[in-house]
Amino acid sequence: MRFGIVVFPGSNCDMDCYHVIDQVLGHPVSYIWHQEKDLTGFDCIILPGGFSYGDYLRSGAIARFSPVMEAVAEFAAKGGLVLGICNGFQILLEAGLLPGAMMRNNCLQFRCQDVYLKVETNETPFTNIYRAGEVIRMPIAHGEGNYYAAPEALAELEENGQVVFRYCTPGGEVTTEANPNGSCNNIAGICNKERNVLGLMPHPERCAEEILGNTDGKKLFLSILSWWEGQRCEEVLGCG
Amino acid sequence: MFQARIFVTLKDGVLDPQGAAVKTALTSLGYERVADVRVGKYIVLSLGHSNREEAEKEVREMCERLLANPVIENYFFELQEVSS
Amino acid sequence: MAEQKPLWKEMGLTAEEYQRICELLGREPNYVETGMFAVLWSEHCAYKNSRPVLKLFPTSGPQVLQGPGENAGVVDIGDGQAVVFKIESHNHPSAIEPYQGAATGVGGIVRDIFAMGARPIAILNSLRFGTLESPRVRYLFGGVVSGIADYGNCLGIPTVGGEVYFHPSYNDNPLVNAMCVGLVEHDQIKRGRASGVGNPVMLVGAPTGRDGIHGATFASEELSEESEDRRPAVQVGDPFMEKLLIEACLEVIQTGCVVGIQDLGAAGLTSACAETAARAGTGIEIDVSLVPRREEGMTPYEVMLSESQERMLLIPEQGKEELVQQIFHKWGLNAVVIGRVTGDGIFRVKEGGNLVAEVPVKALTEEAPVYYRTPRVPEYYEKCRYWPVERLPVPEDFNKVLLTLLEHPTIASKEWVYRQYDHMVLINTVLRPGGDAAVLRIKGTKKGIGLTTDGNSRYCYLDPYLGGMIAVAEAARNLSCVGAKPLGLTDCLNFGNPEKPEIFWQFQEVVKGMSEACKVLEIPVVSGNVSFYNETEGVAVYPTPVVGMVGLLSDVTKYCSPGFKEPGDHIVLLGPLTGHLGASEYLAVIHGCEAGPVPEIDLLQEKAVQDCCRELINQGLVKSAHDCSEGGLAVALAECCIAGGIGANLELEIEGREDAFLFGEVQSRIVITCVPRHLEKVREVARSFGVPVRLLGRVGGKRLLIRDLRGRVLVDLVVKEMEEKWRGSLSKAMG
C-alpha cells in the first residue's frame, strides 16, 4: 500500500508521519509538494499537522486553494483514503471535504497534552481494528481545535455515525471536563458520509512506538492497512 | 483607487470565547454596562480598481472565498475612494 | 533648542572609545561608520566588561567539535553525529513587549542553530519573573509564555524543558533565556565564515525594515519626525517565515555549496558581515541598494543597523548563486547577492556607486576596548551570611509547611506553562517536561540525549561562588537523574550593571564557581551569552547564571523518570542525610527570610553521586530517580509521589531541627527507588563509588507518611491533596 504525505510550506508533522509509515509500518511512502497536481499511484493521502501557510488568517484557509488540494478532492471523490491530522483536519474543513469549521480553543490557549478518546465507530477504514467504544489515549497539540457545526449539520453527523472520535474521561465518559477545547459534542474526529475521509485533531503518529510510551495511535495506521488488505482480497476473489 | 475596510466577526449564534474573555475583563475593570463583546478581524485592502461596482463585486467574492468562513463568520465592508 | 550632544555620545560611545576609533581609522568616522562602531563595540556584541572573566571557563574536551566563538557550540555524540546548542537572553525586549520579545528571542536562537548546519530538534527556556500578585508581572508572564509557544509551535520544534522562578528582584526586569538544540552530521557542520575571495555574499529571508534600530544609536538629524513615528519600538517575529528559512537553508546546505552562513541578530547586517569576515580573516564589500526592503526611503545607516528578523547571510561558492536562488524561490523567499568577499580585510559599504563606509574588519571586531573592572564585596554579603537563621522558630505543623511550599509558584507544577508548548512534535520526546531533564531519542540509533536548564539565583546572591558551582552541579545532577552523561554546557549570565564594583564582584565570583565545577565535573562550556544592565532605577536582579546542559544516553530505553513506580519498592537516598537551613526556599517562603550560608558543595562527592546514579540506572537497578533541590527532601519525595500517583512511607533519622532535615537544600542528593531484591546490589554499587546510601522507606498507599525514628509523625498527607495544591497553583494565580 502506497502512502503520500502532502507537504505545505508550513507543515511540521510531515516528517513524523513519514517516520511512522516508513520505519514503524514498513510501507512505501513519499512526500507530495503542495504544488503537485497528480496523485496517481497513491492509495492513501495524509494531510499532516503544522501551519500550512502560516495560518495567520484562519487555519487551513489558504491551503485549500493550493493545487494539491484540488487533486486531493478528486482523489477523495474516487474513493481514495484521505486522513487529515490536526492542521490536516482544519484544511479538510476549509476545503469542504468534511462539514463544519474550526474555532479557537475555548481556553484561548494552545494545548499540548494527552487526551482520552472514545472510538465511536469502528466501521471506517481508519478504525476497523479498534473496538467500538474503546477508550484510547492520544496527544493533542493545537490552538484551534474547537469544532463547530450548525445544529442541523451536527444532528446529521450524529445520525450517520460520522463522529469517529470523542473526547472522554479515562473511564470513557463524555463530559465537559474531558473536552480540551470546547468542541461541539466533544468531537475530536469525524469522517465524511462515504467514510473514506477522516479528520481528527489528536495525533496518532505521536503514539505509535513503544519508546514514546504509548502505541494507541498505531492501530489507526494498522486499520488502514487491514482495510486495504481486505479490499485487495475482495478484488482478487471478486466477492466485493 | 479604492480602499476596502473589511470586518469579519463570528456569527451571532456561535460562541465567541475571545469576546467572552474580554467582556469578563471589562466587567472586572468596573465597566458593568457592557452587555456583550464580539471580537473579530479587521482587514484593509488597497485596490487598484477604477470602478466602484467592480471593486464591490470582487471584495464580496474575496470575502466569501477566503477572508471569511461562512460556516462560522459574517462579514461586512466599507468601500472608500482614495486618491492614488 | 537644547544643546546637541556629539553624535558618538548619542550613539553610546565614550570619549575614549571615540578617540580610539579615530586613531584606528586615521580620521574621524562618518555617520554610518560611527553607528557601526557603536553597535559592534557595545557590551552586547563586544563583551567589553566580561571577556577577561569568561576566559576562566574550560572550553575543551575530546567531545568538543566547536567551542565558544561561533554561532553555537558543537559536541560529538558518536556515529558521526553531533549536537549543536546555545542559550541566549532576550530580557530587555521582553520587558517592553513580552509576547514579541520572547517570540523573537526564540527565533534568534533557532537561527544560531541552523546556521551551524543543524536541524533544530528542541527548544528549552529559563524564565524569571517577579511575584504573581502584581498584575504587571502576570501580564509579562502570560505574554512571554504565549510568545514562546506561538513561535516554537509554528516552527514545529518541540519546547521540551525549562524552568520558571518567581522572585521580587525580577519585578521590573523579567529574564527570558531561550536555548535551542540541533542535530547534525559531522560533515555537514557549517561555520559563520566569509571565506574565499570573490565568493558572493547573499542576504536571504525576510525583507529589511526599520525594526529595532537601537534607541541609543538613534540620532535625530538624519531622520524626520515622520520617520520616527513609523519606527516600531520592538521587532515583530514571523514564525512562518522562519520555518521557510530553516527548510531553505538546510536544503541549500545539503547541496554542499555553502562556504559560510550567519544569522542576522543584534546589529543586523553590520554584525553579520563583520563577524563572518573577521572569522575568515577576509574583507567584505556590500551594496545596501541591493538589500530588499520592506519600507521605502531607508538610509544606508538604517539598512546596516536594522534588526529585522528572519534573515540570514549566506556565502556560497562562486557560480552557485542561481542554485541558491532556485531553492529559496521554491520556499517563496528572497535570496539576493548584495556583495562579495574581498581579500583586503576591509568592510566596505556602498550605496550604488557611492562609498558610505570603509572600515578595517578587525577594528570593528577585535579592537573594542576591554575593561578590567575592580570588584568589591557588597555590604549585604557578610550580614546575610552570618544572619542567625537557627534562631527562627521551628514550625508546629509540617504538613502545612509542605503544602505551602508545593503551592509556591517556584516549586509548583509548571504544567500551565508547558501545556501551551508543543513538546512532542518531531516524535523524539521520550521524557516530557516536568521531570528533572527532558529525554529525546535520536531516530535510527539506540541513543538518546538529556536536556536541562538550571540556575538558583538566591544562592548566587548570597554566595556567588558557591551559587555558580551549584548551578553547574545541579544541571549535571538533573541529567544524571535521567541517566544521561553530561557532555557540555551553554551559559547565559544575567546580571546588573557591571560598572558597579559589587555587581562585577557577583559576576566574577559566579564565573569562578562555575568554572571550578566545570573542571571537576569535566563538563566544558561550548557556547554562551552575557546579559548585563538588568536593572531598574538602580536595583539589579539577583545574579542569575543559567546553565543549559546536554547529556548522552547510550541506550535511550534505559532512561529514568522521577515518579515512584510500584508498591513495595524501596526508597533510597544517595548522598548525605543531613539538615541545612541557610538560603533555602523554605526560609524565604515560610519565614520571609533570605539569608544564611548557602549549602556547601563538595564537587568530588557530587561527581561520585552522579556517576553512581548513572551506573545504577545503566545496570537497570533503579526504577525512579529524582534530584533534591528547592524545598529539600520533603518536596522531592512529594514530587515523586505525585508523579507516580502513589504514596510512600518513610522513617528518617533526624538530628537537630526537623525543618532543616525536611526542607533544607543540602547538595549532592538523589532519591532513587529499587525493587527490594536489588537493595543489596544498590548498596554495593554506591559503596564502590564512595557514596553514602541510606534506606528511607517504601513506596505504597495513598499518603506520604514521614516519621522520625521514634515514630513521631512529621508529615502525613494524601497524595491527591498535595497534587491539587501543586498542580493547580499557577492556573489559579493566572486566573
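Reminder, nothing fancy here: chain letters follow the sequence lines and each chain counts from 1.
In terms of heavy-atom pairs under 4.5 Å with chain C, the best-connected choice from A:Gly10, A:Pro139, A:Pro9 is A:Pro9. Ranked by heavy-atom pairs under 4.5 Å with chain A, the first of C:Leu244, C:Val145, C:Leu426 is C:Leu426. In terms of non-hydrogen atom pairs under 4.5 Å with chain A, the most contact-rich of C:Ala149, C:Ser146, C:Pro239 is C:Pro239.
For A:Asn12 (side chain) and C:Cys154 (main-chain N/O), a donor-acceptor pair under 3.5 Å exists by modelled atom type.
Residue contact with chain C, scored on non-hydrogen atoms closer than 4.5 Å, involves the side chain of A:Glu209 exclusively. Both the backbone and the side chain of C:Arg419 have a heavy atom closer than 4.5 Å to some heavy atom of chain A. With a 4.5 angstrom heavy-atom cutoff, C:Leu431 does not touch chain A via any of its atoms. Contacts between A:His19 and chain C at a heavy-atom distance below 4.5 Å involve the side chain alone, from C-beta outward.
The shortest heavy-atom contact between A:Asp16 and C:Val425 is OD2-C, 3.8 Å. Closest approach of C:Met424 to A:Cys112, counting heavy atoms only: CE-SG, 3.6 Å. Shortest non-hydrogen contact noted between C:Gln420 and A:Arg111 is CG-NH1, 4.4 Å. Listed here is the closest heavy atom pair of A:Gln109 and C:Trp416: NE2-CZ2, 3.4 Å. Considering all non-hydrogen atoms of both residues, A:Phe51 and C:Asn153 come closest at CE1-O, 3.3 Å.
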Report, one line per pair, each donor and acceptor closer than 3.5 Å where one atom sits in a side chain of residues 22-32 of chain A; sequence neighbours left out.
residue : atom : partner : partner atom : Å
A:His27 : ND1  : A:Met1  : O            : 3.4
A:Ser30 : OG   : A:Arg2  : NH2          : 3.2

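Atom NZ of residue C:Lys330 and atom CD of residue A:Gln35 lie 10.5 Å apart, to the nearest 0.5 angstrom. Considering CZ of A:Arg206 and CG of C:Asn428, their distance stands at 11.0 Å, rounded to 0.5 Å.
No side-chain heavy atom of A:Met15 sits less than 4.5 Å from a side-chain heavy atom of C:Lys443. Between C:Asp422 and A:His203 there is no side-chain heavy-atom pair separated by less than 4.5 Å. Within the 4.5 Å cutoff, the side chain of A:Val7 has no heavy atoms near those of the C:Glu247 side chain.
Sparse packing is recorded around CD of A:Glu210, with 12 or fewer heavy atoms of other residues, nucleotides or ligands lying under 6.0 Å away.
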